[in-house]
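Written out below as structure tokens is the structure these notes cover.
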Amino acid sequence: MSDLEAPLVRPKRKKIWVDYFIQFRWIVVIFIVLPISATLYFLTYLGDVWSETKSYEKRQKEHDQNVNKVIKRLKGRDASKDGLVCTARKPWIAVGMRNVDYKRARHFEVDLSAFRNILMIDKERMIARVEPLVNMGQISRVTVPMNLSLAVVAELDDLTVGGLINGYGIEGSSHVHGLFTDTVEAYEIVLAGGELVRATRDNEYSDLFYAIPWSQGTLGLLVAAEIRLVHIKEYMKLTYIPVKGDLQTIAQGYMDSFAPRDRDPAKIPDFVEGMVYSPSEGVMMTGTYASREEAKRKGNKINNVGWWFKPWFYQYAQTALKKGEFVEYIPTREYYHRHTSSLYWEGKLILPFGDQFWFRFLFGWLMPPKVSLLKATQGEAIRNYYHEMHVIQDMLVPLYKVGDALEWVDREMEVYPLWLCPHKLFKQPVKSMISPEPGFEYEMRQGDTEDAQMYTDVGVYYAPGPVLRGEVFDGVEAVRKMEQWLIENHGYQPQYAVSELDERSFWRMFDADLYEHCRRKYRAIGTFMSIYYKSKKGRKTEKEVREAEQAHLETAYAEGD
């Protein structure tokens with residue numbers, strides 16, 4: 001075994017007061033966070049129901065009025081005196097774990113809080129036109145009874161359309177449809193000067209259409225999107241497939257579960273995800289839509305995973321390691337949101353006893369705690385502790401490198417479980433922020449097609465093994481190493497996560513050409529903060545922001561001469 005492959009030996013870490021606070025943070029969660037979360041969820045639900053009682057015509061009228069307010073607000077901005085444009089959403093409200101430090105600088109706020117309505121479900125065009133604050137729970141509640149769904153429905157209820165478009169969105173159907181943004185047919189954007197435009201793949205704003213994904217709202221303000229719908233059935237027929245062996249064997253079992261080596265499209269499931277529980281055990285799940293009649297046939301098992309007292313899904317799936325392969329039917333909407341109640345497996349760290357039957361039965365209906373409230377109730381010391389002792393990262397890597405990625409995470413972080421979710425990375429007519437490896441279509445590795453390279457998300461969410469054992473662990477250095485590994489392997493890090501990249505390295509990971517072209521063309525420079533500076537970790541003063549943006553502005557004008 002080489003030195004690189006040898007297990008790292010780490011000394012014990014001396015505990016500090018924050019360790020004990022974290023250990024008993026469940027008291028704050030149970031008595032403060034959970035009750036407030038449940039109240040907010042209920043009030044949000046009432047607001048959504050009230051919205052749904054309005055006619056589409058009334059919703060559109062309100063939408064137009066709200067867009068006009070945004071336009072008026074932007075046109076009234078004095079670029080020489082006012083700060084950079086920023087939404088009025090509080091920093092702690094975002095679902096992502098990266099704290100929104102850029103909002104600590106002086107900024108010019110635009111209120112988008114009213115943009116939370118489903119504007120139209122067009123069954124003929126198979127399009128849902130929605131506002132950016134519509135979340136996944138809201139839209140699945142409306143569409144699933146129609147036997148319709150967004151092509152990609154991110155698992156957590158609270159994730160919003162705007163966040164999934166400007167940031168990153170994936171789900172178990174992404175091996176068929178791509179990332180969330182690949183299912184969007186049109187963006188309605190208010191540009192820096194207050195102009196409202198509609199960007200599609202083939203209209204005059206097509207460059208903006210391809211630049212919006214991953215741009216973090218730094219090209220304009222999203223006010224609506226048209227998203228592709230697909231026909232669905234009432235149930236998901238789910239097959240649990242245990243895989244045992246080393247990490248490369250688990251990776252191959254994962255690939256074989258959804259990417260048949262003979263490329264027979266009939267063998268490709270509608271949904272797929274994998275969970276790796278240890279360096280030698282994993283469970284792959286493949287799903288296909290099934291009718292109510294099929295699910296209720298004699299001998300078939302129906303599992304209503306959405307009930308509050310049910311075992312957390314990742315723990316239930318783990319039983320396949322003992323039971324062997326088995327099949328069951330899950331109501332489709334409950335399947336979509338199967339990880340919501342436990343926040344994947346983060347709930348185990350937040351509430352160590354939250355997975356016990358007595359807690360689920362008595363208090364499971366209060367779950368999950370809102371991530372925004374968890375962030376709001378943590379001070380600077382706890383925030384820094386999580387930054388150093390906790391990992392919330394997604395690694396997007398070419399599918400054929402998934403085994404290498406699993407081995408890297410095991411060696412450097414020892415985080416388990418790990419989440420696996422494949423997605424197509426399409427070859428676009430223009431080179432956008434992320435793109436497949438050059439020449440992938442000639443290699444045609446397992447899962448690849450002529451128009452897309454198959455990638456996979458390796459979701460790394462939990463406390464690393466060294467932290468759980470009380471050993472020294474440098475979380476900052478581990479993330480730096482991860483980012484470097486991704487750059488070297490043509491991988492990507494979603495920008496919701498904490499990044500340690502400097503600006504040069506950031507643009508080695510992502511392609512800046514189209515983004516910077518659109519920043520100049522649509523006058524975003526000097527109005528919206530650049531994406532790197534917006535993603536950059538740490539506090540930002542007004543002076544830092546203005547100097548950084550002025551440098552971008554001068555560079556852009558120099559290049560335009």
Side-chain angles (χ1 to χ4, degrees), residues 35-71 87-89 93 95 111-165 180 183-188 190 196 198 221-234 292 304 306-308 331-337 340-341 365-366 368 370 372:
I36 297 176
S37 295
T39 302
L40 290 176
Y41 281 127
F42 181 66
L43 292 176
T44 301
Y45 170 76
L46 291 180
D48 294 342
V49 171
W50 169 248
S51 170
E52 291 159 20
T53 63
K54 302 174 186 176
S55 66
Y56 286 136
E57 290 76 13
K58 183 175 178 63
R59 292 183 222 178
Q60 181 62 47
K61 182 178 179 181
E62 291 177 355
H63 173 77
D64 292 340
Q65 291 171 346
N66 290 326
V67 169
N68 287 334
K69 290 178 184 177
V70 172
I71 292 172
T87 67
R89 201 178 190 195
I93 290 180
V95 175
D111 187 3
L112 300 180
S113 61
F115 290 86
R116 54 178 311 109
N117 293 312
I118 298 171
L119 299 173
M120 177 66 70
I121 301 295
D122 189 331
K123 296 180 182 179
E124 291 186 6
R125 294 176 58 219
M126 291 296 285
I127 290 293
R129 183 166 174 265
V130 300
E131 293 180 323
L133 291 184
V134 168
N135 65 38
M136 295 297 99
Q138 179 183 358
I139 197 162
S140 67
R141 186 174 59 249
V142 170
T143 59
V144 169
M146 303 177 187
N147 279 359
L148 297 174
S149 172
L150 297 183
V152 173
V153 184
E155 281 86 355
L156 302 183
D157 286 24
D158 264 4
L159 295 174
T160 64
V161 167
L164 296 170
I165 285 173
F180 189 85
T183 69
V184 179
E185 300 298 328
Y187 303 106
E188 295 176 34
V190 178
L196 175 65
R198 180 175 180 270
L221 298 176
L222 178 72
V223 292
E226 296 175 22
I227 309 172
R228 192 186 320 144
L229 293 168
V230 295
H231 291 288
I232 64 171
K233 297 180 182 178
E234 295 87 352
R292 180 178 286 106
N304 294 94
W307 286 102
W308 76 91
T332 296
R333 185 166 184 266
E334 294 182 22
Y335 174 77
Y336 285 163
H337 304 295
T340 292
S341 62
W365 57 277
L366 290 170
K370 287 185 78 71
S372 56

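Keep in mind that the numbers below use all heavy atoms, side chains included, and drop hydrogens, waters and symmetry copies.
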Closest contact, heavy atoms only, Leu156 versus Thr340: CA-OG1, 3.5 Å
Inter-residue atom distance Leu221.CG - Ile71.CD1, 0.5 Å rounding: 10.5 Å
Lys/Arg N to Asp/Glu carboxylate O, Arg125 vs Glu185, below 4.0 Å: no
Minimum side-chain heavy-atom gap Glu52-Val142 below 4.5 Å: yes
Gap between atom CG of Asp48 and atom OH of Tyr41 - 0.5 Å precision: 12.5 Å
Non-hydrogen atoms of His337 and Ser140 that approach each other most closely: NE2-OG, 2.7 Å
Shortest non-hydrogen separation from Ser149 to Tyr336 and the atoms involved: OG-OH, 3.1 Å
Distance, nearest 0.5 Å, that separates CD1 of Ile165 from CD1 of Ile227: 5.0 Å
Asn66 and Glu62: side chain donor to acceptor below 3.5 Å: no
Greater than 12 external heavy atoms within 6.0 Å of Lys54's NZ: yes
Salt bridge (charged side-chain N to carboxylate O under 4.0 Å, His left out) between Arg59 and Glu131, worked out: CA-CA 10 Å; Arg59 292 183 222 178; Glu131 293 180 323; over 6 Å; no
Interatomic distance, Thr44 atom OG1 to Asp157 atom CG [nearest 0.5 angstrom]: 11.0 Å
Check: Thr183 side chain, Val152 main-chain N or O, donor-acceptor pair, under 3.5 Å: no
Residue pair Arg198, Glu226: steps toward the side chain to side chain contact (heavy atoms under 4.5 Å, CB included) verdict: CA-CA 10 Å; Arg198 180 175 180 270; Glu226 296 175 22; 3.0 Å; yes
Within 6.0 angstrom of Tyr56 OH, more than 12 heavy atoms from elsewhere: yes
Any donor-acceptor N/O pair, Ser51 side chain to Gly47 backbone, under 3.5 Å: no
Check: Leu229 and Met146 side chains under 4.5 Å, non-hydrogen atoms: no
Evaluation steps, side chain to side chain contact (heavy atoms under 4.5 Å, CB included), between Val130 and Asn117: CA-CA 6 Å; Val130 300; Asn117 293 312; over 6 Å; no
All side chain to side chain donor-acceptor pair (under 3.5 Å) counterparts of Thr39, not counting sequence neighbours: none
Any side-chain heavy-atom pair of Val144 and Ile232 under 4.5 Å: yes
Distance in Å, Asn147 CG paired with Lys123 NZ, rounded so as to fall on 0.5 Å steps: 9.5 Å
Min side-chain heavy-atom separation Met126-His231 under 4.5 Å: yes
Backbone of Pro368 reached by a side-chain donor or acceptor of Ser341 within 3.5 Å: no
N/O donor-acceptor pair under 3.5 Å between Glu188 side chain and Ala224 backbone: no
From Leu119 atom CG to Asp64 atom CG, the distance as rounded to the nearest 0.5 Å: 9.0 Å
Asn304 (side chain) donor-acceptor with Gly306 (main chain) under 3.5 angstrom: no
Flag side-chain contact, heavy atom, 4.5 Å: Thr160 against Val134: no
Criterion side chain to side chain contact (heavy atoms under 4.5 Å, CB included) on Arg228 and Val184, from CA distance to verdict: CA-CA 6 Å; Arg228 192 186 320 144; Val184 179; over 6 Å; no
Nearest atoms (heavy-atom pairs only) where Lys233 meets Thr332: O-OG1, 2.7 Å
With Asp111 via side-chain contact (heavy atoms from CB on, under 4.5 Å) - residues at least two apart: Ala88, Ser113
Nearest heavy-atom neighbours spanning Arg141 and Arg333: N-NE, 3.2 Å
Ionic contact status for Arg129 with Asp122, cut-off 4.0 Å: no
Worked verdict on Leu150 versus Thr143 for side chain to side chain contact (heavy atoms under 4.5 Å, CB included): CA-CA 8 Å; Leu150 297 183; Thr143 59; 5.8 Å; no
Non-hydrogen atoms of Ile121 and Ile118 that approach each other most closely: CD1-CG2, 3.9 Å
pair Phe115-Leu222: side-chain heavy atoms closer than 4.5 Å: no
